[in-house]
Undergrad: 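For reference, the structure I am asking about is given below.
We use all heavy atoms of the structure for the numbers below, so side chains are in, but hydrogens, waters and symmetry mates are not. So you know, we letter chains A, B, ... as the sequences are listed, proteins then strands, and number each from 1.
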Amino acid sequence: MKDALTSLLQQALQQLVNEGTLSSIEGISPQIDHTRDPSHGDLATNLALVLAKGAGLPPRELASKLVAALPDNNMIAKTDIAGPGFINFTLSQASHTEVIAMILAAGSDYGRAPVKTENKVQVEFVSANPTGPLHVGHGRGAAIGDCLCRLLTATGWDVHREFYYNDAGQQITNLALSVQARAKGLSPESESWPEDGYQGDYIIDLAKAFVAGDAVSAADRDITASGNIENLDDIRDFAVAWLRREQDADLQAFGVSFDEYFLESSLYASGAVDTTVERLVEGGHTYEDGGALWLKSTEFGDDKDRVMRKREGGYTYFVPDVAYHHDKWQRGYHRVINEQGADHHSTITRVRAGLQGLDEGIPEGWPEYVLHQMVTVMRNGAEVKLSKRAGSYVTLRDLIDWVGRDATRFFLAARAATSQLTFDIDLALTQSNENPVFYIQYAHARVCSVKNKALEIDQAWSPQRGLAHLETLQESEELALALALTKYPEVVKGAASRLEPHDIANYLRDVAALFHSFYNAHKMLDAENQPLSTARLALAEATRVVISSGLDLLGVSAPESM
RNA sequence: GCGCCUGUAGCUCAGCUGGAUAGAGUACCUGACUACGAAUCAGGCGGUCGCACGUUCGAAUCGUGCCAGGCGCGCCA
């Protein structure tokens, strides 16, 4: 729709150039926006304002010349020049409603592009270490990351979803020591409880399972416990698998899946870490000082140089990070997006600096990052900070248990990642329009309900039949709803290109509101007026398709009844 | 002290690659079911867009400087 109008305006511009009114239209692409105020028509352009200075004409005068130069068409019903020189377009009835036929023909493909295998993108998200249950921050990362993947897929990208974790570091040792202590009957109050031990109740379950010789199967590993509480390696291997299984179960309950689990230990095993260090040393990007090896990260915009190899010999955490991202690059992912909590944002400069130091022509801004801010959980007006199971934080499983998967996903994905998020348990539990999830799902269920009702009245009534009578849709509520449906492809594209899934949630809220207004204002099923009734059914069905598709992008279900 | 993020209606938040009278939900008032789902709708109330300069025909949006909050500034991950 916008494209068609753009084309008309281009022709008008060319006409003005031919007349000599404008000298050149090099590099000018008309900017067309949907209007916010219905009195401004449906679409508007600021073209005359932008060109006025160069043309040496008052904006309004230039606008009227532009309008006069517009080719004949059946798309624009009315043109106005308003304000300082905006050109407002009111679309014809047919332009509003033709999208309905398009949507019914395309079904769930409407607004989506086919995947092109050459558009490879790797998305890393969640990446929680296997030292405890997933917390709400991981949940936000899972919701945003998963929606990003769905959006990218919908816009033609071939997406590879990856989960990276450390299975061998000091924190894992702390985990094993904690399980061992619990297996020996110690508690965090005991004098011999390990320093920095994990205190949550899940460690008790884990210790019991290990002693009992349980077998566990996670998405990326299987193991049977030896039950030997003196063998720390046995405990470590079992504990990692056990927590991975728990995280998998939570992610599955949340509707999130991965194509690959990438282990930090594999980077040491393959020699990738050593190779990375050698490359940086050979490239002259390092120096030794105080017994440690340093990366000259200040060469690449960091505010200080960073230690790579500690005095005692081990590498700092970001070295395998660099090796990991180098691996992504070598795998051919020239587009990579990392979704992670903003508390790790300082790693961005370091990882990019290390990659620059490899002198391989990796772009400075690679990889891309989406950072989410913290989540605060509120209930009964007070912050919820603790969970018995995890000890010091609220878990993703808690949220799912309290408010369900749909509400959890929606609330975690519906806000801009850059904003801190307050998760209101009471609001998420409300089953009314206070709760946007139910509001949107209700619109979907309502359409399903009215379609069934239509069939009860007359077996022959179907949305498809309404396509022959779209010209009967003349009411403002009908045209406003139909116009909103035409925006869906633009919204999907915009959300994907800006990596902002919350746009989808806002859009769906608007569509649901327009549908409810339409539904309340007009009788849908009128036995005396079959053409109009079926046309309205077609509009309702098109709305349902869009809502269903948008909810799918968010990973939220679209129930036929509630 | 430095870096990143945020500051918009009582509350939760959109709008931020500059555009017209700043939006939505909620809360608080009024109304609408002998109709297809009232889990809904219609209307009202409510804002110096943190503050101040600047750029521009035009600034919530861009720039600079302040103020306030969050998160980072480890030879932890």
Undergrad: If you look at every strand shown and take non-hydrogen atoms under 4.0 Å, does Phe318(A) touch a base, only sugar-phosphate, or nothing?
TA: nothing
Undergrad: In whole Å, what separates the P atom of U8(B) from that of A52(B)?
TA: 16 Å
Undergrad: With a cut-off of 6.0 Å (strictly less than), are more than 12 heavy atoms of other residues, nucleotides or ligands near NZ of Lys493(A)?
TA: no
Undergrad: Could you say whether Thr347(A) or Leu49(A) is positioned toward the 5' end of RNA chain B, judged by the nucleotide with the nearest heavy atom to each?
TA: Leu49(A)
Undergrad: Establish, with yes or no, whether the OP1 or OP2 oxygen of G37(B) is under 4.0 angstrom from a side-chain nitrogen or oxygen of Ser449(A).
TA: yes
Undergrad: Could you please name the partner base of G43(B), counting Watson-Crick and G-U wobble pairs only when both distances are under 3.5 Å?
TA: C29(B)
Undergrad: Any side-chain N or O of Lys304(A) under 4.0 Å from OP1/OP2 of G1(B)?
TA: no
Undergrad: In the structure shown, which nucleotide is the Watson-Crick or G-U wobble counterpart of U56(B), with both distances under 3.5 Å?
TA: none
Undergrad: Ignoring hydrogens and angles, does a donor from either the side chain of Tyr317(A) or the base of A77(B) sit under 3.5 Å from an acceptor on the other?
TA: yes
Undergrad: I'd like the C1' distance from A38(B) over to G50(B), given in whole Å.
TA: 41 Å
Undergrad: What heavy-atom pair brings Ala535(A) and His469(A) nearest, and what distance separates the two atoms?
TA: CB-O, 3.4 Å
Undergrad: What is the pairing partner of G18(B), taking Watson-Crick or G-U wobble pairs with both distances under 3.5 Å in any strand?
TA: none
Undergrad: If we take the P atom in both A59(B) and A42(B), what is their distance in whole Å?
TA: 33 Å
Undergrad: Under 4.0 angstrom, heavy atoms only, what part of the nucleic acid is Met374(A) near: base, sugar-phosphate, or nothing?
TA: sugar-phosphate
Undergrad: Begin with the C-alpha distance, continue with both residues' side-chain angles, and end with the deciding distance and a verdict on side chain to side chain donor-acceptor pair (under 3.5 Å) for His325(A) and Arg352(A).
TA: CA-CA 9 Å; His325(A) 284 87; Arg352(A) 285 182 177 161; over 6 Å; no
Undergrad: Could you check which of A20(B), C36(B), U6(B) has an atom nearest any side-chain atom of Thr418(A)?
TA: U6(B)
Undergrad: Can you name the one residue among Glu264(A), Gln170(A), Arg350(A) that meets side chain to side chain donor-acceptor pair (under 3.5 Å) with Tyr317(A)?
TA: Arg350(A)
Undergrad: Can you tell me if the side-chain N/O atoms of Arg350(A) get under 4.0 Å from OP1 or OP2 in C73(B)?
TA: no
Undergrad: Does the ring of His40(A) lie flat against the base of A20(B), closer than 5.5 Å centre to centre with planes under 30°?
TA: yes
Undergrad: Grab the two heavy atoms, one from Ile440(A) and one from Ile547(A), that are nearest each other, plus how far apart they are.
TA: CG2-CG2, 3.8 Å
Undergrad: In residues 285-298 of chain A, which ones come under 4.0 Å of RNA chain B, going by heavy atoms?
TA: Asp289(A), Gly290(A), Ala292(A), Trp294(A)
Undergrad: Is the phosphate of G37(B) approached by Ser561(A) (side-chain N or O, under 4.0 Å from OP1 or OP2)?
TA: no
Undergrad: Among residues two or more places apart or on two chains, list those pairs meeting side chain to side chain donor-acceptor pair (under 3.5 Å) that have a residue in residues 402-418 of chain A.
TA: Asp146(A)-Arg409(A), Asp406(A)-Gln441(A), Asp406(A)-Ser557(A)
Undergrad: With a 3.5 Å cut-off and just heavy-atom distances, do the side chain of His345(A) and the base of G3(B) make a donor-acceptor pair?
TA: yes
Undergrad: Look at the side-chain N and O atoms of Lys453(A) and state whether any lies under 4.0 Å from the OP1 or OP2 oxygen of A35(B).
TA: no
Undergrad: Determine which nucleotide pairs with G3(B), using a 3.5 Å limit on both distances of a Watson-Crick or G-U wobble pair.
TA: C71(B)
Undergrad: Are Ser346(A) and C4(B) close enough that a side-chain N or O sits under 4.0 Å from OP1 or OP2?
TA: no
Undergrad: Pick one for C33(B): is it syn, with its angle within 90° of 0, or anti?
TA: syn
Undergrad: Taking atom CD of Glu560(A) as the centre, report whether more than 12 heavy atoms of other residues, nucleotides or ligands fall under 6.0 Å from it.
TA: no
Undergrad: Expressed as a whole number of Å, how far does the C1' atom of A32(B) sit from that of G19(B)?
TA: 38 Å
Undergrad: Is atom NZ of Lys78(A) surrounded by more than 12 heavy atoms (other residues, nucleotides or ligands) closer than 6.0 Å?
TA: no
Undergrad: On a whole-Å scale, what distance lies between the C1' atoms belonging to A24(B) and C62(B)?
TA: 26 Å
Undergrad: Between the base of A42(B) and the side chain of Asn520(A), is there a donor and acceptor pair under 3.5 angstrom?
TA: no
Undergrad: What nucleic acid atoms does Ala454(A) come within less than 4.0 Å of, heavy atoms only: base, sugar-phosphate, or nothing?
TA: nothing
Undergrad: Please state whether the phosphate of A14(B), meaning OP1 or OP2, lies under 4.0 angstrom from any side-chain nitrogen or oxygen of Arg509(A).
TA: no
Undergrad: OP1 or OP2 of C76(B) sitting under 4.0 Å from any side-chain N/O of Tyr315(A)?
TA: no
Undergrad: Please indicate yes or no: is the ring centre of Phe86(A) less than 5.5 Å from the centre of the six-membered base ring of A20(B), with the two planes inclined by under 30 degrees?
TA: yes
Undergrad: Report the base-pairing partner of U48(B) (Watson-Crick or G-U wobble, both distances below 3.5 angstrom), or none.
TA: none
Undergrad: Using a 4.0 Å heavy-atom cut-off across all strands, classify Ile348(A) as base, sugar-phosphate, or nothing.
TA: nothing
Undergrad: Applying ring-ring contact (aromatic ring centres under 6.0 Å, His included), can you list everything that pairs with Phe262(A), at least two apart in sequence or on another chain?
TA: Tyr324(A)
Undergrad: For Glu383(A), look at atom CD and say whether over 12 heavy atoms of other residues, nucleotides or ligands are found less than 6.0 Å away.
TA: yes
Undergrad: Using atom P in both nucleotides, what's the gap between C71(B) and G25(B) to the nearest angstrom?
TA: 33 Å
Undergrad: Name the nucleic acid region contacted by His444(A), choosing base, sugar-phosphate or nothing; use a 4.0 angstrom heavy-atom cut-off, strictly under.
TA: nothing
Undergrad: Students often get this wrong, so: under 4.0 angstrom with heavy atoms, is Ala52(A) touching a base, only sugar-phosphate, or nothing?
TA: nothing
Undergrad: It should be established whether Ser419(A) places a side-chain nitrogen or oxygen under 4.0 Å from OP1 or OP2 of nucleotide A14(B).
TA: yes
Undergrad: So what does Asn46(A) touch, heavy atoms closer than 4.0 Å: a base, only the sugar-phosphate, or nothing?
TA: base
Undergrad: Describe the nucleic acid contact of Gln171(A) in one word from base, sugar-phosphate, nothing, applying a heavy-atom distance below 4.0 Å.
TA: sugar-phosphate
Undergrad: Return whichever of Ala342(A) or Thr35(A) has its heavy-atom-nearest nucleotide of RNA chain B closer to the 5' end.
TA: Thr35(A)
Undergrad: Between G15(B) and His502(A), is there an OP1 or OP2 to side-chain N/O distance shorter than 4.0 Å?
TA: yes
Undergrad: For Asp33(A), answer base if it contacts any base atom (sugar-phosphate contacts may also be present), sugar-phosphate if it contacts only those atoms, and nothing otherwise; contact means non-hydrogen atoms under 4.0 Å.
TA: nothing
Undergrad: Over 60° means perpendicular and under 30° means parallel, so classify the ring planes of Tyr165(A) and Phe163(A), tilted if in between.
TA: perpendicular
Undergrad: I'd like the C1' distance from C66(B) over to G7(B), given in whole Å.
TA: 14 Å
Undergrad: Under 3.5 Å for both donor-acceptor distances, Watson-Crick or wobble: does U34(B) have a partner, and if so which one?
TA: none
Undergrad: For the P atoms, the ones on U34(B) and on C28(B), what distance do you get once it is rounded to whole angstrom?
TA: 26 Å
Undergrad: Please name the nucleotide paired to G23(B) by Watson-Crick or G-U wobble geometry with both distances under 3.5 Å, or report none.
TA: C13(B)
